[in-house]
Amino acid sequence: MTDTNNDYNRLQELKEDLADDLAASEDVRDQANEEYRFTQVPNGHWEGWLEDDYKNRAKMQMDHSSSYLRRLYATWTNNRQAVNYSPSDDATNKDDAELLDGLYRRDTNRKGGQSAYDTAVFEGLSCGYGALVINTEYEDAGDPENEHQNIIFSEQPNAYSTVIFDSSARRADKGDANRCNILTPYSKKNFEKNWPDANVSTLGVNDRSSFNWYGDDLWYVGTNYEIDEERIILETFTHPDSGEIVRINRKDVDQEEMDMFGFQFARSRTVTKQSTFKTIYSGSDILVPRKRIAGRYIPVIPFFGFRGYVDGKEYYHGVIREKMDAQRGLNMTYSLLMETAAHASDDTPVFAPEQMENPAISEGWAENRHQKPFLLADPIRNNNGDIVQSGVSMMMTGGAPSQALISAIEMNSQSLQQSTGGAPQDVLDPNSSGKAINAIFAREDQNVAMVFDNFDKSIKHSGVVYESIATEIYGGKSNAGRRVRTVNDRGDAKPVTLMESKAQGGRITLTNDVSSGKFDVVVSVSKNFQTEQQETFEAMKDIAMALPPQDPLRGHLLRLMVLQKESSGMKDIQLFIRRELLAAKVITPESEEDQQYMVEMEEKNANKPQDPNEIYMLAEAEKAKSASENLDARTIKTGAEAAKVVVEAEGVKLDNMLLADEIQNPQRAAQ
């Protein structure tokens, strides 16, 4: 690869910026590495200053800290936070926001998008720093005619050592950073495959040591993201007769043309246009020259655990850092106790040096003597060769654990239990209530509220970054007529045509255009769908039991309950019930199949002659529906008692189902 002076200067600038940012966070990253290895690497509890002191000794682990970490991570997986968009001005409507929501869900469900969030959260909990990257890729890389792109969310493992932000950035989401570097390791073979014309070199800075933290067989490549701001002077012109307003970049203004059309200068203002650029480089070459990418922000989202500034320097750590000393103390005392217990009954013989001069005898005593019937020792002789003493000089009795050791174990155990919400005696008590256990967990988990608040900030910023990229990737004329599938909050896919032209009010308008709206980002809990489905099922059941049997709403609710059940053997009946509810307009079409069925139903009904009996039945159904809509709170309240009578009656399968549930769950029925 030919290296020009400009490339050389650019490479040196990138490496110097990286060196400065690395130096500003070097000690914090080393501590994050120690904390992360503590729970992730076998025998990680014994790494560091304990390694030499406990060499060739028992290294037991009573691992409370990892259990605490896993429970907090389960809190995230059970209640994952999600991005939701809402209109931020009158020109943007709810449908625009729902379209952007659907595209966001689609892209987070594709190619491990949710896994990217999960990895960032787990590392944020483990060591205080995680990250993900929002990239784009071509929809069909093998089709030169297809210019459409999709947004993808990529994992960034070991973010504390590979994601280096601008050291002057202060925000928790790094939305104010001007640059970010990602260090990616390659094997020599993969390096040559990706850049066959480049010199194989790992990334070093100003002849400093390279970043081969994991050995000389990895070659590090840097990806630099940076923000450029362009100041533009916009001049505003107005037409005195029509009131039309035109805004033009000052450098593009043709004053004679404006005068000819009757426009008058009104005012000028300076606006800032922000763009993002990407460069890929190694230790000796610019591998991919600087180029603009979609979006206005750096597409790297950090996830911090505990974070703060001390003397102008950023510090962070995960939920394990404060537990490490207590965990080490417990491991040390427990290991010593196990060693003591293993040899508590052993008496230690003491010999004179002369008795062990024979190598065969000394080696025999050095081996595991517990499995030998007897051992030998030379006698002690005087200068005349007479035996002065034979056998053992004295015996040291086996030791017992000291009170100090037992107290140390209790103190370390209590410290970990108090700080992690672990398993104190009242939790282990089988008679303890679930509420008591949850109360203990809730009390301890308040300590990490700051961590999840930082995650919320990062997720919100990811929504802002995604929206800025989506307006370019999914908006604009190049996407006119493009068919994509969005995903609703139930996980169902829905086909959408982007930039679709529709006639409205005598004019042709564009719909499904994400580039024309302005949005606010809201972060909310996205429940596990199965949990939410079960809650919905129970709520429907309670309402159905409260309604009188003649109420049509009761039947609709019972049918909806069938749709909520996940079972491969119910697919056919669920399809039948879904079509019944679609025909009754109880539910709205959500999928392409639903829409096709509705079209077929409308065509069938249009060609079908009306039956007098059917007209009568429809009229009666409308009366019943109207009556149900006019039920007041008192009717619903007394309906619960009426429902109990119906449940006890025979003849209706669904009522029998409710009766069975009442028998199996007497406490809920009593409520």
Reference residue Y281; test side chain to side chain donor-acceptor pair (under 3.5 Å); the match among N181, N224, T223
N181
Please verify the inter-ring angle class for Y186 with F191; under 30° counts as parallel, over 60° as perpendicular, anything in between as tilted.
perpendicular
Going by an N to O cut-off under 4.0 Å, is there a salt bridge joining R179 and D228?
no
Salt-bridge test for E314 and K174: reply yes if a basic N is under 4.0 Å from a carboxylate O, no otherwise.
yes
Hey, which of D90, D89, D96 is the one that makes side chain to side chain donor-acceptor pair (under 3.5 Å) with T92?
D89
So N158 and Y160, side chain to side chain donor-acceptor pair (under 3.5 Å) or not? Walk me through it.
CA-CA 5 Å; N158 288 127; Y160 61 87; 3.3 Å; yes
Apply the test side chain to side chain donor-acceptor pair (under 3.5 Å) to residues T279 and R10: give CA-CA distance (whole Å), side-chain angles for both, the deciding distance (0.1 Å), then the verdict.
CA-CA 10 Å; T279 308; R10 172 63 176 160; 3.3 Å; yes
How about R483 and T497: does a side-chain donor come under 3.5 Å of a side-chain acceptor?
yes
Quick check on K111: does its NZ atom have over 12 non-hydrogen neighbours (other residues, nucleotides or ligands) under 6.0 Å away?
no
For a quick check under 3.5 Å, do S126 and E35 share a side-chain donor-acceptor pair by atom type?
no
Could you list the residues that satisfy side-chain contact (heavy atoms from CB on, under 4.5 Å) with S268, not counting sequence neighbours?
I233, E235, R250, F265
With the threshold set at 4.0 Å, does a side-chain nitrogen-carboxylate oxygen contact exist between D456 and K460?
no
Salt bridge check, E226 against R290: does any charged N sit closer than 4.0 Å to a carboxylate O?
yes
Shortest non-hydrogen separation from S462 to V83 and the atoms involved:
OG-CG2, 4.1 Å
Should K313 and D311 count as an ion pair when the cut-off is N to O under 4.0 Å?
no
Exam field: side chain Q274 to backbone R296, donor-acceptor pair closer than 3.5 Å
yes
Would R482 and E147 count as a salt bridge (charged side-chain N to carboxylate O under 4.0 Å, His left out) if you check the C-alpha gap in whole Å, the side-chain angles of each, and the deciding distance to 0.1 Å?
CA-CA 11 Å; R482 179 183 177 184; E147 294 291 330; over 6 Å; no
Residue pairs, two or more places apart or on separate chains, that pass ring pair (Phe, Tyr, Trp, His ring centres under 6.0 Å) and touch residues 89-121:
Y104-F153, Y104-Y466, Y117-F153
With no hydrogens and no angle check, do the side chains of D118 and Q114 hold a donor and an acceptor under 3.5 Å apart?
yes
Would you check if Y138 and N146 make a side-chain contact, meaning some heavy-atom pair closer than 4.5 Å?
no
Mind checking whether H239 and F263 have parallel, tilted or perpendicular rings, split at 30° and 60°?
perpendicular
